[in-house]
Each structure stands twice: as structure tokens, then as C-alpha cells.
Enquirer: 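Following this message is one structure expressed as C-alpha cells.
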Protein chains: 2
Amino acid sequence: MEKNKDAEKDIIEAARKVFITKGFSSATTRDIAKEANVNIAMVHYYYRSKENLFDIIFEEAFKTLISSILDATNSNIALFEKIELIIHNYINTLISNPYLPNFIVNEITQNPERIEKKFKDKDIYNKVFKRLSEDIENETIKGTIREINPISLFMNILSMCIFPFLAKPIFKWVFEFGESYYGELLEERKKIITEFVINAIKKC
Amino acid sequence: MEKNKDAEKDIIEAARKVFITKGFSSATTRDIAKEANVNIAMVHYYYRSKENLFDIIFEEAFKTLISSILDATNSNIALFEKIELIIHNYINTLISNPYLPNFIVNEITQNPERIEKKFKDKDIYNKVFKRLSEDIENETIKGTIREINPISLFMNILSMCIFPFLAKPIFKWVFEFGESYYGELLEERKKIITEFVINAIKKC
DNA sequence: AAATAGTTTAATCAAATGATTAACGCGCAA
DNA sequence: TTGCGCGTTAATCATTTGATTAAACTATTT
């Protein structure tokens, strides 16, 4: 048996795959070790505990999802373009990481303390929203859009982007969509959601 | 120790609570037995296996969520009123059963075969959608609404209704909302989503 | 070559957990 | 009262699983 110099990295990659598909409680260290082609003890040798390893994966996943919105929201463009950019960026991120929403939502629901312990700097995320909030207010004053609570708009946009990924198995089942067709549908939603949102808020 | 004639019912209620809050893999038969104030063996005596008991809870939960849309969609009212009714009914159901979306989405994601085995009559759910689809087509022909793919509209409405329940812990954390305030917010969303959708599709 | 430090393995532990069993008890019909 | 059947309990089993240990192996240094 030859030495595997990349054991540490292999374990992280295996953990990412196993945790994200199975969730914390269904995933086992044996799953991860097997996926990484490594002895079980190696997992503990490099990462101490299952919980420890999970925290690494979770934090990484959470930041992937959050940072995707940060960039778009901070850019210096008009509201409608900003909305379009947010939606496009976010759905692109989700297409690249389709299992993340489920993973995040699950684990936070079953262990809300984790997020509070790990991410104490929620101001960063909050600030992102405030920036968008100002943009909305300005357009409202200008009279180009209807009055709308920024939180509602924010929730609506996120909902329409993320939910089809969360409920993918259900929609596929009900509408008898194939995997590739569902992929196309998600791709098309970038444009559809953007138009939907702009129509919803634009004064006419 | 006196006899507990309602053991069978107590177990179901306990199972509902434990499975829905913890999920299948995190829930244990001991949890359920304890919650029901019953010996562990009783759980197996009445329901054979953990899986069996889970299936009962899952099916019940799934039907609760689905049937909530069925009624509203089949009613004989104009499209805009129908949309309003669907949203109101659905959010009411979700307020009464806030943990169901998470439960359903989780379990289906981790075990998609379950839904296919249990609910073979997907035509029923599909038909509901077709009814709504016709309404949309009629209004489009009349020229009262913009052209929109019925599936997209359906997805958008469901997304905006359900996602705030799924992501509740995250939103509460980011925006520092209290439990009761978040409750008010969800209540308000009935009206907000209805207006948002109608503005999005109405021609003007 | 010998020593040292880092890496890897097989074996094992202890706790948790789904499930089963044998015995017990309670109510009721014969 | 006796005996039968359903409900209930405590004890136990077998497996899974997170974690640990001691030994072995490898590479590098001296």
C-alpha cells in the first residue's frame, strides 16, 4: 500500500460530498473514509471529530451561497440592472451548487445555534441588504417603482431563485420533467424571474 | 402502572412531533416512545418498524400540504381571485404547520424513491395545475394579463409562499427578527404576495 | 545504519439504536 | 375460578458508529 500524500485533501472532498448529499446525521465517518479511500482513523487523525469536519464543510457552503449575493448587491448600477445581476449571479451559483440550499436549510433548521456560533458577523450580510434597501427607496421617491417593503422584495427574489432547487425532486415528479429539461427550466428562470420582479414593481 | 388505552394514538402523535422536528435519521424509536410515555417495545408492537411509522407520518404530512392547494385551484372564480385564494389558503396551512415544508423537502431529497412508491396518483396533482393553466391561458387570450408560462407562475407563487418558512431561522438571524414579529411578517405576506403576483402579470 | 517524527493500519471500545423476546398482568368469556 | 388473548414491561441482542489505541510503516535526518 503506497502512501497517499493527499489524504487530508481527499478527506475534505469526500466529506463535502457525503455531508452535502446525506446531511450531518445520516453521514458516517465510515462513509467519508470510504469515499476518500482512507482508513477511518485518518479522518480523526486529521480532523479530530465528525463535528469538526462538518463545521468546515458547513462554513464553506454557507459562505459560497452568501457571497454570491454580496458582490452583485454592492455594484454601482441602477436598481433594475442590479436586480437582474443578483438573480443571474445567484442562479448561476445554484446551478453550480444545486445541493447547497437543501444542505444549508436542513442543517440550520435542525441546529440553529450553529449559525449563531460560527457567523457572528451578521452585520456584513445585513449591510448588503441595507444597500439594496436604499436603492429601492430612491427609486420609490423618483416614482419609477411602486411602494414596496424592501424586505418583502428581497424575500420574494430569493424565494423564486432558491425554491425550485429545494423542491426539484417534487416538481420533477409532479410534472414528469427529466433531469436535463429541469436544468433548462432553471436556466430560463434567470430571465423569467427578472421580468416577473420588474413587472411587479415598475410603475406604469 | 395503569393501562393507557390510547397508546396507539399517543405513539402516532409522538412520532409526528419527533419525526417532523428531527427528521427520519435523527429521530429514534426511544425518542418517540419517551414522548408518548410508552415502552419502546410498544412502538414496534403497534407499528412494526421505525420505517413503517415514518411512512404514515410522511404520507399524512404530504397530503396536508398538497390538499391545501387542491381546493383553491378547483374553485370556480376569476383568475385574480383564485390566485389570492391559493396564496391565502396555502399560507394559512403553513402557519398552522410551519415545520412541514422542511420535513417534506428534506425527506424527499434524501429519499426520492419514497414519494414515487407512495404517491402513484400524481395525475391528481398534475390535474390541479392544468386547471390553473387553462385559467391563465384564457386571461392571456382576453388580453388582461401578460403572456406567462403557467409553470413559471405556479413555481413563483409556491416559492414565495413556502420559502420564508424554510429559511425562517436564517432570515430571523440576519434581520434580527423576533419570533412574534416573524409571525406577523408571514401573515402580511398573504397580501404582499398576492399584490406582487397580480402586478407582475396584469397588463396595464 | 540508527534514530526520529509523521503517517497509516487493523483491532477494539463504548455508546447508541432498531428490534426481539419472554414473562407478566389485566380484563373477560366459558 | 380458570384460561385465553391482548397489552405492557424489562431485559437483551445484534448492528452501527464515533472514537481510540498500539503497532507498523515511511521518509527524513544524523
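Below, each value reflects all heavy atoms present in this structure, side chains not excepted, and no hydrogens, waters or symmetry copies.
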Enquirer: Could you go through nucleotides 18-20 of chain C and list every protein N or O atom that sits under 3.5 Å from one of its N or O atoms, giving the distance for each pair?
Expert:
from, atom 1, to, atom 2, distance (Å)
C:dG18, OP1, B:Ala27, O, 3.4
C:dG18, OP1, B:Lys50, NZ, 3.1
C:dG18, OP2, B:Thr29, N, 2.7
C:dG18, OP2, B:Thr29, OG1, 2.8
C:dG18, N7, B:Arg30, NH1, 2.8
C:dG18, O6, B:Arg30, NH2, 3.2
C:dA19, OP2, B:His44, NE2, 3.1
C:dA19, OP2, B:Lys50, N, 2.8

Enquirer: Using the test salt bridge (Lys or Arg N to Asp or Glu O under 4.0 Å), find all partners of A:Glu137 that sit at least two apart in sequence or belong to another chain.
Expert: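 Salt bridge (Lys or Arg N to Asp or Glu O under 4.0 Å) list for A:Glu137, sorted by chain: empty.
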Enquirer: Taking atom C1' of C:dA16 as reference, at what distance in whole Å does atom NZ of B:Lys34 sit?
Expert: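 After rounding, the gap between these two atoms is 14 Å.
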Enquirer: Rounded off to whole Å, could you give me the CG-to-C1' distance for the B:Asp6 and D:dG7 pair?
Expert: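 Atom CG in B:Asp6 sits about 13 Å away from atom C1' in D:dG7.
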Enquirer: Restricting to salt bridge (Lys or Arg N to Asp or Glu O under 4.0 Å), what partner residues turn up for A:Lys50, sequence neighbours left out?
Expert: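 Once residues adjacent in sequence are excluded, A:Lys50 has no partner under the salt bridge (Lys or Arg N to Asp or Glu O under 4.0 Å) criterion.
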Enquirer: Rounded to whole Å, how long is the line connecting atom CD of A:Glu8 with atom C1' of C:dG6?
Expert: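 Atom-to-atom, A:Glu8 to C:dG6, this comes out as 12 Å.
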Enquirer: Rounded to whole angstrom units, what separation is found between the CG atom of B:Asn37 and the P atom of D:dG7?
Expert: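 The distance from CG of B:Asn37 to P of D:dG7 comes to 19 Å, rounded to the nearest Å.
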Enquirer: Please set out all donor-acceptor pairs under 3.5 angstrom arising from side-chain atoms of residues 167-178 of chain A, sequence neighbours excluded.
Expert:
from, atom 1, to, atom 2, distance (Å)
A:Lys168, NZ, A:Glu179, OE2, 2.6
A:Lys172, NZ, A:Glu179, OE1, 2.5

Enquirer: A:Phe54 CZ to D:dG18 C1': how many Å, rounded?
Expert: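 Atom CZ in A:Phe54 sits about 16 Å away from atom C1' in D:dG18.
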Enquirer: Taking the six-membered ring for Trp, are the ring centroids of B:Phe19 and B:Tyr47 within less than 6.0 Å of each other?
Expert: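 So the answer is no for these two rings.
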Enquirer: Could you tell me how far apart A:Tyr46 (OH) and C:dT9 (C1') are, to the nearest whole angstrom?
Expert: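 It is 13 Å, rounded to the nearest whole Å.
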Enquirer: Just to verify, what does B:Pro112 make a side-chain contact (heavy atoms from CB on, under 4.5 Å) with, not counting sequence neighbours?
Expert: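 B:Pro112 satisfies side-chain contact (heavy atoms from CB on, under 4.5 Å) with no other residue.
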Enquirer: To the nearest Å, how far apart are A:Asp55 CG and D:dG18 P?
Expert: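 For the pair A:Asp55 CG and D:dG18 P, the rounded distance is 15 Å.
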Enquirer: What's the CE-P distance between A:Met42 and D:dG18, to the nearest Å?
Expert: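 One finds 18 Å between P of D:dG18 and CE of A:Met42, rounded.
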Enquirer: Of all residues at least two apart in sequence or in a different chain, which pass the side-chain contact (heavy atoms from CB on, under 4.5 Å) check with A:Glu60?
Expert: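 side-chain contact (heavy atoms from CB on, under 4.5 Å) list for A:Glu60, sorted by chain: A:Arg16.
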